[in-house]
Structure formats: structure tokens, C-alpha cells
Protein chains: 2
Amino acid sequence: MKDAPRPSAKKLTMQDVAAVAGVSPMTVSNCFRYPERVQDTTRAAVLEVAANLGYVPNMSAGLLATGTSRVIGAVLPSVRNSSFYNYTLGLRDAAAARGHRLITMIAETPEEELSAVQTLLGLRVAGIALVAGPHAPALRQLLDLSGMPAVESWGGADAIGCGVGYDVGAASRELTQHLIAQGRRRIGFVDVSGGGGLRYSMRLPAFRQEMFAAGLSDALVLKVRAADGFGAGGQIVDEFLAQEPRLDAILCPSDVVAAGAVFACNRRGLSVPDEIAVAGWGDYDIGRQLTPSLTTIAPFSDEIGVGAIRALLDGARTETRVQTRFALLVRESA
Amino acid sequence: MKDAPRPSAKKLTMQDVAAVAGVSPMTVSNCFRYPERVQDTTRAAVLEVAANLGYVPNMSAGLLATGTSRVIGAVLPSVRNSSFYNYTLGLRDAAAARGHRLITMIAETPEEELSAVQTLLGLRVAGIALVAGPHAPALRQLLDLSGMPAVESWGGADAIGCGVGYDVGAASRELTQHLIAQGRRRIGFVDVSGGGGLRYSMRLPAFRQEMFAAGLSDALVLKVRAADGFGAGGQIVDEFLAQEPRLDAILCPSDVVAAGAVFACNRRGLSVPDEIAVAGWGDYDIGRQLTPSLTTIAPFSDEIGVGAIRALLDGARTETRVQTRFALLVRESA
DNA sequence: ACAAATTATTGTAGCGCTACAATCGTCAAG
DNA sequence: CTTGACGATTGTAGCGCTACAATAATTTGT
């Protein structure tokens, strides 16, 4: 079969649809953009022709003509965990509710993030949603200069654009208090250095504060590179126990790490939570299903997404900070 | 401070950059699009001005003028597992290597998928990467009519556009053979009904074929709704054991389900793999870290992404099928 | 030094669509 | 049978950019 596989390669325009439907191009345009301006019968006929032809309006031309787009761009630093997934769904659904679409780009490094933002800027999207973390130095300036509405989810005081997120410090404090109230005294804290920025960095000071308030030693802090991976949990347990064999609690940066830590404890014959408490962060699926189930901080990530869209579309001031909720979920592990 | 938070709201054009740089708009255009056509000194000056102004070329205008875009669109059915994540990275990196950018949209239902494709079509992207699964009836026709290059990843014979994926049937056969060779005789197969389409549906026939070839009963088949969630693993174990207490192996649709099954077996005091083998699918992180580690099929998802981009950009015929690799990873659980 | 070849830069026109103002029907009131 | 009034429809111009052809600047050969 040497037949051209795509005979319809010539591109359709509103002109074509208008010609077939026997109306002017403007009427076709109105059918898509302001349906109420067109008589029902006319509109039905036009849309039918468009559907038969497989015509979809060229957004780029529309954007060029109107100067506005109904697409929101989000840049995500990996999507491996359910927090980001729920966040993305929150963004998408909130955007859809206001007649916008969401497109996402994945960027694992500050350079990739900058490049993604440039692409989004080039697309002239209606707004850009970032996630807090280390950013390229040029990013903030670029967004300021471009005048593009931006929000930084999980962002705090120094957010680019509007910051939307929960009070990580308060969550950390609450979790620490819970452990102390349980009678834990030798508590290890796993700190994620580098990656994640405020998303992580607010936790340690809050932990220290509570330990100090309770008159306990806050000396057990372990730095790890990334918060991902079960493997990290295993190493953490090994290193902590080498430092302090009587350790009775571990605060992990994520449920995944906590799960790894639980596995490691099991392997060593350490009972969780009887001999050692393990707390996670993020309320991932695994924490719910694990035995013992994980005590964790649930971040209401979808609310962050919803808040971000609201801030973007309602033109929130750059200085605004939107607080979303979080919850301490006390389960079996701590 | 009542100062306008975004004084630079007036939109920049090439005109503006050209005026400041003292060259014609065409030269600015060339600097971005064909840098080699412009003298080094001129280009440096122009790009510097652009950077200072925060100017990013308007892709929409460029697309309108040239009729081509350097953006690829991908529609993903959720991104909860590392297969899709690796696939997305494969797409993105392969696209970047060829000067293209990747934007993604999440669609959990066929209707959302259709809507996402319409948006991507409206954006006039250079190509669309779909994932195999149930599609809206109108989708195939829309893509055909539009002449948009499309690939269906994990797609088989009936793929929309070019199908890129590994031989799921062969993988299923290999895994089944492995269990049989181990001496397993009463093997339970978990079938995902509905969602996922060919991504799952080729597995059961291959399983049956091998069981038949070995003279074994293939009667133990359990249908589940979704392949996600640890919880599913628990239910599966309960139901299988109710049906056949002497069950000695379970083939799960994913590592997550398999992990849930392992947890359930542990809870019942069933030893994996001594008393019962549990095989996963997908080579997720959890399978590597679990004790026992999971025997699974590793899909080389990033290769699917790379193949998809190649098919898209090289204009592969619709009928083409691209095979990627897979590997049976024999670990502790089976 | 001058023509020819080469490289760098610049107008012009138009991509597909929509804001806006102008037109065309249509129907009710006078 | 007009005149208005109102809603439906339609021209026109231009959004920001780039293909292409044309022009200007520079280098090379003789």
C-alpha cells in the first residue's frame, strides 16, 4: 500500500470550515469562542461540519489575536510521589473549573526548570506554577521582567510570585511534640540537604525548637542527599544506631524513606513502634498499607494546587502567601 | 506599597528588542532561530539586550508564521508509578536531543484524554504521544483527520498511529515459564479488567498458553479493577486462598500489588518464596527494596519514550510497530 | 584597484484568528 | 407600509513572527 498514509495533511483553517458550512469565518470563530452569540441552528451546523472535518481551532492564532491564552503551565520536579500527583490533579481540576487547561513540564534540576519556564513563557501561557526548591538565579528575574503571573507551591516567605503551601514548620513542630508526648527521648532527625529548599529546610529548626523546649538533646541529625528511595531508609537506620544505639525515634523526610527505615528495623529485629518510633512525611500510599502503618504529615496537596490556580487567575499580589491545611496522622508506627 | 507590582506588564516584542539593539527585527529573529546566520558580535549584543529585557520569543507567532512547532505533547494516564515516570523522561530527553520540548497532560479517563488531545491539537504541537488503554471512540478519527503525527506507547497491533512497546505476551510467557520451571503448579493469575487495555490484556492469554503447554490448570484467575494500590494485594491473597488453599504462586499485575500480596502473606505467616511465590510486573522501586525483593518484568520504559519520539519525528508510518526490550528480573520472591 | 563571490542584514507579505464596527434581517409598533 | 429596535452575521485590520527575496557590507582574486 503506497497510498499516502495521511492524505488530509493539508491544514484546515476556519476558512475551510466556514466555506463548507456556508457562513463567514467570523461566525465559525464565534461558535467556538462565544457560542451564545450565534443562533442555535447555525452553531449546530457549524460545529457538526468542524467535527466531521476534524477541525480544532488554532490556539496560537487565537492567542496572537487576543493576546491571552487559557492554558496554565506547571513545572514539576519529578512526579514520583503522590503529593505531586495530587497537587497536579488539584491544579488541573481547578484550572478546568475556570475554563483553563493545564500543561506540565518535568524539570529535575534548576537549569531544566529555567528552560521549562522559558518554554512556557514562549507559549505565552496564562500563568506558571512552580514548586519550591532550588531555582536558577536568573529565574526570578525572568519571571519578574516578563510580568508572567507565577506562584510557588510549597513556597514560603521568599517565594517567586505568590507562595502557596502549608506551614511546614508548624507541621514539624506538631510531629515532634507528638513523639515527645509519647515519651520518646532520643529522637533522630533526617535532614535533606540541598534539594527541596524550604519544602524541607523549615523542618529542622522547628524540630530543634521543640526538642529544646522539652529539654532534650537535638544532636541526632543526619543529612541525606535525596528524600527518595527506600534504600535511604536502610542507611539511615544503620548510621543512627551507630551513633546512638538507644535511639527511640526517627523523623524521616518522607514516607518512602520511613518505609525503608521500617524495613531496616524489621531486619534488625527492632520492633516498630515498641522499641523505636518511625515517622514519615507526606501521606503516601505506602504509609497507609505498611505494617505498621506510618504516622505522618498529610499535606492536602490538592489544596495547594487549587490555591495556586486561584492565586494565578485572580492575579494575587506577588507578596501574598496562601496557607493551606495539613494534618498529623497518628497511625501505628509512632 | 501601592506601587504597581508588575510595571513591566506591557508585552515585549521582537520590535522592542530590535529597537534597543539597533538592528532590524529580522536580525533578532535570526539570532534566535538561525544563530549561525548572524555575526557573532551582533548576536551577542542582541541576546544580551533580550536577556536584560526578559524577552522570550512568542512561540505562537512563530508557529503561525512557520506552520511548525518544536513542542511534543504527551498524554499520560496518571503518573503514579516509575514506569510512566521513566517513560516521560525518555520522551523528554529524546525530544530535547532533537531540539524539541515536551509538555505533558494528565488524563485519567478516555474523555479527559480526548480533551487533552484536543488541547494539544489546538496548540498545533509537532506530535502527540499517547499511552495504550481505553480511548474515546472519536479519538482515533480526530487524530486521523487532523493529520497529527501520533504514537501509542505500550500499543500493539491496534495502536493509534505508530505503536511502540515491548512484547507483553512474550514477557508474560517468560515469567510463567519461570514459575513453572521452579516447580510451581497451582499458579494464580491476577487480571486487570477494563483499564489499561493491551497494556494488560495480552498477559492472560500468554499465561494460559504456557500453563496449557505444561499441562497445568489455568483456572485460577482473579479479576481486579485497578492495578494500583497495596490494598489490592491483600484482597487478592485472601480471595485466592479461599479458592485454592494450596496455591503456590501468584502473578500480580504490578509490583505495587505484588508488594501488597507479600505483606498479606507475611501477615498470614505464609513464607515467600518458600511456600508461595509472588511475581510482580514493572520493576518499581518498591520491588527492589522489599524483603524479599520482587521477581518482576522490567520494561525499559525510557526506551519506549525514546522510540516514541523517534517514530514521531521521523514520520513513521501509522502501521509501524516498534519493539522495545524487556527483561525478566529473577529476584527473591519467585 | 575593481569585479566577483561571499556573507550579513533588512523589507515585504502573510500565517490563522479575533476585536470591533458596520451591516443585514426580522419583527413589533405606529 | 414605514420606522425602529434588536439580534445575527460579516468585513477589516492587525496580533508577533518568519520565509524569502533583495540589498548592503565585506572579502577575495587578479
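If you're wondering where the values come from, they're calculated on a predicted model, not measured in any experiment. Labels below follow one simple rule: chain letters A, B, ... track the order of the sequence lines, proteins then strands, and each chain is numbered from 1.
Closest to the B:A65 side chain, of the nucleotides D:dT9, C:dA19, C:dG14, is C:dG14. Taking the side chain of B:A61 as heavy atoms from C-beta on, and the options D:dC15, D:dC17, C:dA19, the nearest nucleotide is D:dC17. Closest approach to the A:N30 side chain among D:dT10, C:dG11, C:dC17 is made by D:dT10 (side chain taken as heavy atoms from C-beta onward). When the nucleotides D:dT9, D:dC17, C:dT18 are ranked by their closest atom to the side chain of B:Y55, D:dC17 comes out on top. You'll find that the side chain of B:V38 is closest to C:dT9, out of D:dT10, C:dT9, C:dC17. Listed nucleotides C:dT9, D:dT18, C:dT18 differ in distance to B:M26; the shortest reach to its side chain belongs to D:dT18. With distances taken from any side-chain atom of B:L64 to the nucleotides C:dT18, D:dT9, C:dC15, the minimum falls on C:dC15. With C:dG16, C:dT9, C:dC17 as the choices, the nucleotide that has an atom nearest any side-chain atom of A:M14 turns out to be C:dC17.
Residue contacts shown for A:G62 are limited to sugar-phosphate atoms, with no base heavy atom under 4.0 Å away. Residue contacts shown for B:S60 are absent, as no nucleic acid heavy atom lies under 4.0 Å away.
Put simply, A:T42 has a side-chain N or O that comes within less than 4.0 Å of OP1 or OP2 on D:dT9. At C:dT9, none of the side-chain N or O atoms of B:T27 fall inside 4.0 Å of OP1 or OP2 (strictly under the cut-off). Note on A:Q39: a side-chain N or O is less than 4.0 Å away from OP1 or OP2 of D:dT9. Side-chain nitrogen and oxygen atoms of B:S24 include at least one within less than 4.0 Å of the OP1 or OP2 phosphate oxygen of C:dT10. A sub-4.0 Å separation between OP1 or OP2 of D:dT18 and a side-chain N or O of B:T66 is absent. Between A:Y34 and C:dA19 there is a side-chain polar atom (N or O) within less than 4.0 angstrom of OP1 or OP2. Contact annotation: A:R33 side-chain N/O to C:dT18 OP1/OP2 distance is under 4.0 Å.
Atom P of nucleotide D:dG16 and atom CG of B:D16 are separated by 9 Å, given to the nearest angstrom. For A:K11 and C:dG14, the NZ to P distance is 17 Å, given to the nearest whole Å. Atom CZ of A:R70 and atom C1' of C:dT18 are 14 Å apart (whole Å). Between the CG atom of B:L63 and the P atom of C:dC17 there is a distance of 11 Å, rounded to whole Å. Rounded to whole Å, atom C1' of D:dT18 lies 13 Å from atom CD of B:Q15. Between the CG atom of A:N58 and the C1' atom of C:dC15 there is a distance of 9 Å, given to the nearest Å. Here D:dA21 presents its P atom at 12 Å from CZ of B:R37, a figure rounded to the nearest Å. Rounding to whole angstrom units, CZ of residue A:R124 and C1' of D:dG16 are separated by 9 Å.
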What side-chain donor-acceptor pairs closer than 3.5 Å can you find for residues 299-308 of chain B, not counting sequence neighbours?
unit_1	atom_1	unit_2	atom_2	d
B:E303	OE1	B:R325	NE	3.4
B:E303	OE2	B:R325	NE	2.9
B:E303	OE2	B:R325	NH2	2.3

TODO: Apply the test salt bridge (charged side-chain N to carboxylate O under 4.0 Å, His left out) to residues A:D314 and A:R98: give CA-CA distance (whole Å), side-chain angles for both, the deciding distance (0.1 Å), then the verdict.
DONE: CA-CA 11 Å; A:D314 293 343; A:R98 307 193 44 174; 2.7 Å; yes

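Remark: side-chain polar atoms of A:R43 are paired, donor with acceptor, to backbone N or O of A:P35 under 3.5 angstrom. Using modelled atom types, no side-chain atom of B:R70 and backbone atom of B:R101 make a donor-acceptor pair closer than 3.5 Å.
Once rounded to the nearest 0.5 Å, the distance linking CZ of B:R124 with CE of A:M59 reads 9.5 Å. Expressed to the nearest 0.5 Å, how far CD1 of A:I128 lies from OG of A:S146 amounts to 6.5 Å.
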